[in-house]
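Step one of this worksheet: look at the structure below.
Quick caveat: nothing in here was measured; it's all calculated off a predicted structure. Indexing begins at 1, ligand by ligand and atom by atom, following the structure's order.
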Amino acid sequence: MKLPARSLPGLLAVLALAASPTLAQETAAQRDARLQWWREARFGMFVHWGLYSGLAGTWEGKAVGTKGGMEWIQQRVKADTATYAQRAIPLFKPTPGFAREWARLAKAAGCRYLVFTTKHHDGFALHDSKVSDYDAGSVLQRDLVREIVDACRAEGLRVGFYHSVIDWHHDQYEYALSKQLPHPLKGQPYPNGTRQHAKYLDYLHAEVRELVSNYGRIDILWWDYSAQDFQGDVAWRATELMSLVRSKLPGVIMNNRLYRSAEAGWKSMGTEGYAPQLDPRYGDFITPEQHIPATGMPGVDWETCMTLNTTWGYSEHDHAWKSDETLIRNLIDIASKGGNYLLNIGPKGDGSLTPETVKSFQAIGAWMKINGESIYGTTASPFAKLDWGRAVRKGRTLYLHVFNWPADGTLLVPLANKATRATLLAAPREKLAVSSTPGGLRLQLPARAPDPIASVIRLELDGDPRVIAP
Ligand code: GLC
């Protein structure tokens, strides 16, 4: 059998994977323990930041668009990497200590983790890499990954690396191998004649090795992304890549984007095209992008990632900011369906944040300060649907998120249980009157909602919730 071209270290890593106790031997209990903090966290901050951030959605003085991902600007304007770098590098000027503002804001908002782009599709690495000169070390004489990791740790946040396996810079990345994956020069012959993808993969693995070796414990590897016609071992030597990461970071949690197959939870190329199954060999969680699965994804771990406006990377032209109400209710909706919310910020080229970004995360933080216990460590709602809002569960306690405050002051909760105690998180010392009726528990509420976006009731039950079918 002819072995695919791979480096000696690569081959050794595959053999080591076969020999050492790895994922294959992980029991369900061990897996639960590994994922526990992430399942409890429920809320994280996503950061898209790189060379594109300085360009801010503008190319040659013109807006490239007002909607959509401007971290794709190089591809949108079909720039070769030299032209792109020449324009973007002078505009990428991180101020000292920029990352502290991100981390403090994440903390203040109640995020438990922060995932940031160590490299996006443009190929520019934010760390100080020994295997590339298209990196912050070479260009800025700084290690931005270290700066961001340190800032997160100072705030007690867990840290994740988003890493693009797609690469629009590397001169051995064979973009013609995939029809579905984008590239700025798609359809054009390679400027350097021929390419050997195996060489790109050696480089990809070497950079990832640096990232998982040099920054202490990293909690998440967030891969991006694959296509049906280009994925897994063929495209990225994915098995080997994941085992490299695990060998350095045994507790790490990874998403499923090194693949795009049914076993890995994918149905199609669309960002809504997922299947509610995930073989752990292909990752730990599924990543619905820009939307919330209608009924959650029972039995699988999932995380909705979403932008604050419509772009991941900063654009000066995108003003379609989501309201505080939308963001807070999204977080609740996702928790009620058993998922995590990874909410994105797109800092500017100097690392600073727009006022809208700060305001949004502060508003979530103000809500979380009072109501955070109704998000962290909760599990999905026992109810299929509630007219007035959402619910989550923590053992025998339910948290009821009331979006539509009842005009008559009574809230019907379709449960056959008895309530042992009911309080508003906004007024935890005042007990709410509860009566049992054939339709369920009837709660007597104050005339005015404590929070117009979502007021939360903590309802303690006499046992596991027994839902009355509608
Ligand atoms: C996408 C995009 C990208 C963004 C991301 C976040 O697939 O390519 O720009 O980083 O996913 O989910």
Side-chain angles (χ1 to χ4, degrees), residues 43-53 55-57 64-65 67-79 84 88 113-126 148 160-169 173 175 178-184 186 204 220-231 235-236 253-260 264-274 283-293 297 301-315 318 322 330 334 339-347:
F43 184 35
M45 177 185 271
F46 209 2
V47 185
H48 277 68
W49 187 65
L51 290 186
Y52 45 82
S53 308
L55 291 167
V64 172
K67 294 269 149 60
M70 283 303 137
E71 71 288 351
W72 278 53
I73 190 166
Q74 181 190 351
Q75 191 269 349
R76 294 281 298 272
V77 302
K78 310 275 180 261
Y84 171 75
Y113 59 107
L114 184 150
V115 180
F116 70 97
T117 48
T118 48
K119 179 188 93 166
H120 205 268
H121 306 335
D122 68 1
F124 185 81
L126 294 193
I148 299 166
F161 288 167
Y162 164 110
H163 200 75
S164 173
V165 287
I166 295 172
D167 193 306
W168 299 336
H169 169 77
Y173 180 90
Y175 54 83
S178 171
K179 287 206 178 359
Q180 293 168 326
L181 289 182
H183 193 283
K186 195 123 196 185
L204 168 69
I220 299 168
L221 245 296
W222 214 101
W223 306 109
D224 202 31
Y225 69 77
S226 302
Q228 287 159 328
D229 75 350
F230 206 57
Q231 57 168 304
W236 324 116
I253 296 172
M254 291 188 252
N255 76 356
N256 65 340
R257 289 195 181 186
L258 291 177
Y259 295 87
R260 202 116 188 165
W266 297 98
K267 257 194 204 143
S268 67
M269 274 297 287
T271 53
E272 294 188 22
Y274 54 79
D284 297 305
F285 66 97
I286 290 183
T287 57
E289 187 173 311
Q290 298 287 34
H291 91 117
I292 303 171
M297 300 180 73
D301 291 287
W302 59 278
E303 175 195 68
T304 283
C305 52
M306 206 181 269
T307 48
L308 278 184
N309 45 8
T310 75
T311 179
W312 301 96
Y314 174 65
S315 166
D318 188 334
K322 292 181 179 68
N330 279 347
I334 289 167
N340 281 16
Y341 198 24
L342 188 64
L343 186 58
N344 183 70
I345 65 170

| said: I'd like to know if the side chain of Ser164 pairs up with that of Asp224 as donor and acceptor (distance under 3.5 Å, no hydrogens or angles considered). | reply: no
| request: Using a 4.5 Å cut-off on heavy atoms from C-beta on, say whether the side chain of Met269 contacts that of Gln180. | output: yes
| Side-chain donor-acceptor pair present, Trp302, Thr287, cut-off under 3.5 Å | no
Find all protein N or O atoms under 3.5 angstrom from an N or O atom of ligand 1 and list the pairs with distances, or write 'none'.
from	atom 1	to	atom 2	distance (Å)
ligand 1	7 (O)	Glu289	OE1	3.4
ligand 1	8 (O)	Trp72	NE1	3.0
ligand 1	8 (O)	His121	NE2	2.8
ligand 1	9 (O)	Glu71	OE2	2.5
ligand 1	9 (O)	Trp72	NE1	2.9
ligand 1	9 (O)	His120	NE2	3.1
ligand 1	10 (O)	His48	NE2	2.5
ligand 1	10 (O)	His120	NE2	2.8
ligand 1	10 (O)	Tyr162	OH	3.3
ligand 1	11 (O)	Asp224	OD2	3.3
ligand 1	11 (O)	Arg257	NH1	3.1
ligand 1	11 (O)	Glu289	OE1	3.0
ligand 1	12 (O)	Arg257	NH1	3.2
ligand 1	12 (O)	Glu289	OE1	3.0

| request: May I ask you to check whether His163 and Trp222 place their ring centers less than 6.0 Å from one another? | output: no
| field | Pairwise side-chain contact, Leu181 with Tyr175, heavy-atom cut-off 4.5 Å (strictly under) | value | no
| field | Pair Tyr113-Asn340, side-chain donor/acceptor within less than 3.5 Å | value | yes
